[in-house]
Protein chains: 2
Amino acid sequence: MPDENTGLALWLDRLTLRSDLNEEERAAVLALPGNLVFVKSNRDFVNLGEHVDRACLIVEGMAGRFGQARSGERQITALHIPGDMADLHSVALPKAATALQSIGECTIYRVAHANIRDLARRHPALAEAFWRDCVVDAAILSEWALVLGRLSADARVAHLLAELSCRFGIGECRDGRAFDWPLTQAQLGDATGLTPVHVNRMLRVLREAGAVDVKPKRVTILDWKRLCTIGQFDPRYLHLEEAG
Amino acid sequence: MPDENTGLALWLDRLTLRSDLNEEERAAVLALPGNLVFVKSNRDFVNLGEHVDRACLIVEGMAGRFGQARSGERQITALHIPGDMADLHSVALPKAATALQSIGECTIYRVAHANIRDLARRHPALAEAFWRDCVVDAAILSEWALVLGRLSADARVAHLLAELSCRFGIGECRDGRAFDWPLTQAQLGDATGLTPVHVNRMLRVLREAGAVDVKPKRVTILDWKRLCTIGQFDPRYLHLEEAG
DNA sequence: CGGGACTTTGAGGTAGATCAAAAAGTGTGG
DNA sequence: CCACACTTTTTGATCTACCTCAAAGTCCCG
């Protein structure tokens, strides 16, 4: 059973990966008040255009950021995993330009903007850490624009799987490793800009190429190098290494 | 002849559009030291992977942020116009994950990260303003991911033209207005994820639909509403209105 | 055991890519 | 001011990756 400490600790790990924080600053993050909310499967918990006053930390499960075309088709512009403050950006810009939806069931921890902003005001190093977190988010988004604009269908799917492998801390010479995967093929299509049918075919291609095996609820990396080659994936943009 | 004051004043306008700043904070921004650099046509002035220590403010002309696929194809992930601090994010994350290239000739004003970071440390309101600026940038990127993932070719081109109209301060019941446009059709293809040939055909379609006329170096809005409809464009994500 | 959501497979259509080349514009040096 | 090279725009013909529509198969949960 997850609790708020798990969530905040995960987020702090994420922050300290890229920013130096002293003991006081770390303690301040871990002391952030909020409430733990369980979100049912595939439910919007932040609506488009809504004026939000709390940010959502993913504690367990996954969530997606969705943009919506006039036609009603949705595009997933970001996927969030445990430890991500999914809409930290809303502290700076409270009007949600994208919706947040759970992917499968998930648990979130809601933290009031006021408290986060207060921390930023009192600790310049935290202000910078929050800023940096948003910038990394934008870097991932920018990479995703490249993927959507330039890569073929098989490469898009491979790229997404490789990115998530890295963010989950798997990958890099870890053939055979597996991780939970709550997305349906239709949702994978919403992320890659493909139809569910074509996603299915691409998954088959990737499986037959011996790169990755995607079953419902579970992804197994078969050949990390091959996956990266097909997906034209280079993890540097994720900024996961402290030594940049 | 542009000078550094023009550039910083434009940027300050951009910042105050979305953040309240007092007299002291405004003065501090306007006093930022740096140097004015003239960049020749289509030259990279920030390279991929480079460790940068200065941020680039666009003073005149345009610049693009480029991602690069393994195959060498480039994707423009953002377009910057005068008044944009194109890589303000580099203050938080100095390793460039994308390149910056002039589009046509442009003039930039380079400001040392140290000076910007110093301002952020001393004025929490400025720290927040810089953060917010990056967040708006990310919101535009997120919209662009939606466009690349979900819209048809004619809509992508229309969307980009509509977005730039708004950012240039044109648009909204201003049929017949025109603005400078340094992008070639090939570059427009790099932004929209299309081939130059197909961009050309889409421009014809938009012209014949009476929406917009794109000539070399110049764009004329023929029918703003129609352009927005074709491009599924809704300017809210740009956060150009103070009242959100 | 039954119903709904998800995955898989098939057949055929289409938006946009690719290849090719002509036409128009732009700048440079004579 | 013209001649030449180069870049950009425009048009045409063909090809293909991905979409659309349709239906069967599988899994999961009550």
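Only heavy atoms go into these numbers, but all of them, side chains included; no hydrogens, no water, no symmetry mates. Order of the sequence lines sets the chain letters (A, B, ...), proteins ahead of strands, with each chain counted from 1.
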Quiz item: Heavy-atom distance under 4.5 Å between the side chains of B:Leu17 and B:Asp13, does that happen here?
Solution: no
Quiz item: Around atom CZ of B:Arg236, are there more than 12 heavy atoms of other residues, nucleotides or ligands at under 6.0 Å?
Solution: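 Counting neighbours around CZ of B:Arg236, 12 or fewer heavy atoms of other residues, nucleotides or ligands fall under 6.0 Å, so no.
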Quiz item: Are there more than 12 heavy atoms of other residues, nucleotides or ligands under 6.0 Å from atom CZ of A:Arg70?
Solution: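 Result for CZ/A:Arg70: enclosed.
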For [X] and [Y], indicate whether the former's side chain and the latter's backbone hold a donor-acceptor pair under 3.5 Å.
{"X": "A:Asp44", "Y": "A:Asn47", "answer": "no"}
{"X": "B:Arg150", "Y": "A:Ala69", "answer": "no"}
{"X": "B:Trp144", "Y": "B:Ala191", "answer": "yes"}

Quiz item: On DNA chain C, nearest-nucleotide positions of B:Lys217 versus B:Ser152: which is more 5'?
Solution: B:Ser152
Starting from [atom2] on [N], measure out to [atom1] on [X] and report it in whole angstrom.
{"X": "B:Leu188", "N": "C:dG16", "atom1": "CG", "atom2": "P", "value": "14 Å"}
{"X": "B:Gln185", "N": "C:dA24", "atom1": "CD", "atom2": "P", "value": "15 Å"}
{"X": "B:Arg156", "N": "C:dA15", "atom1": "CZ", "atom2": "C1'", "value": "10 Å"}

Quiz prompt | Cationic N near anionic O, under 4.0 Å, A:Arg54 to A:Asp87 | solution =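 Looking at A:Arg54 and A:Asp87, the cut-off is not met.
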Quiz item: Between A:Asp180 and A:Lys217, is there a side-chain N and carboxylate O pair less than 4.0 Å apart?
Solution: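 Not counted as a salt bridge, because no side-chain N and carboxylate O are separated by less than 4.0 Å.
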Self-check item: Mutual orientation of the aromatic rings belonging to B:Phe179 and B:Phe168 [parallel < 30°, tilted 30-60°, perpendicular > 60°]
Solution: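 Taking B:Phe168 first and then B:Phe179, their aromatic rings sit tilted (interplane angle of 30° to 60°).
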Quiz item: What is the bend of the helix from C:dC1-D:dG30 to C:dG30-D:dC1 when you compare the axis at one end with the axis at the other, using five pairs each and rounding to 10°?
Solution: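 It works out to 50° between the end axes.
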Quiz item: Just the endpoints, please: which first and last nucleotides of DNA chain D, 5' to 3', lie under 4.0 Å from a heavy atom of chain B?
Solution: D:dT8 to D:dA13
Quiz prompt | Pair A:Asn42, A:Glu105: side-chain N/O donor-acceptor within cut-off below 3.5 Å | solution = no
Quiz item: Going by heavy atoms closer than 4.0 Å, what residues in residues 191-205 of chain A are next to DNA chain D?
Solution: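 Result for residues 191-205 of chain A: A:Gly193, A:Leu194, A:Thr195, A:Val197, A:His198, A:Arg201, sorted by number.
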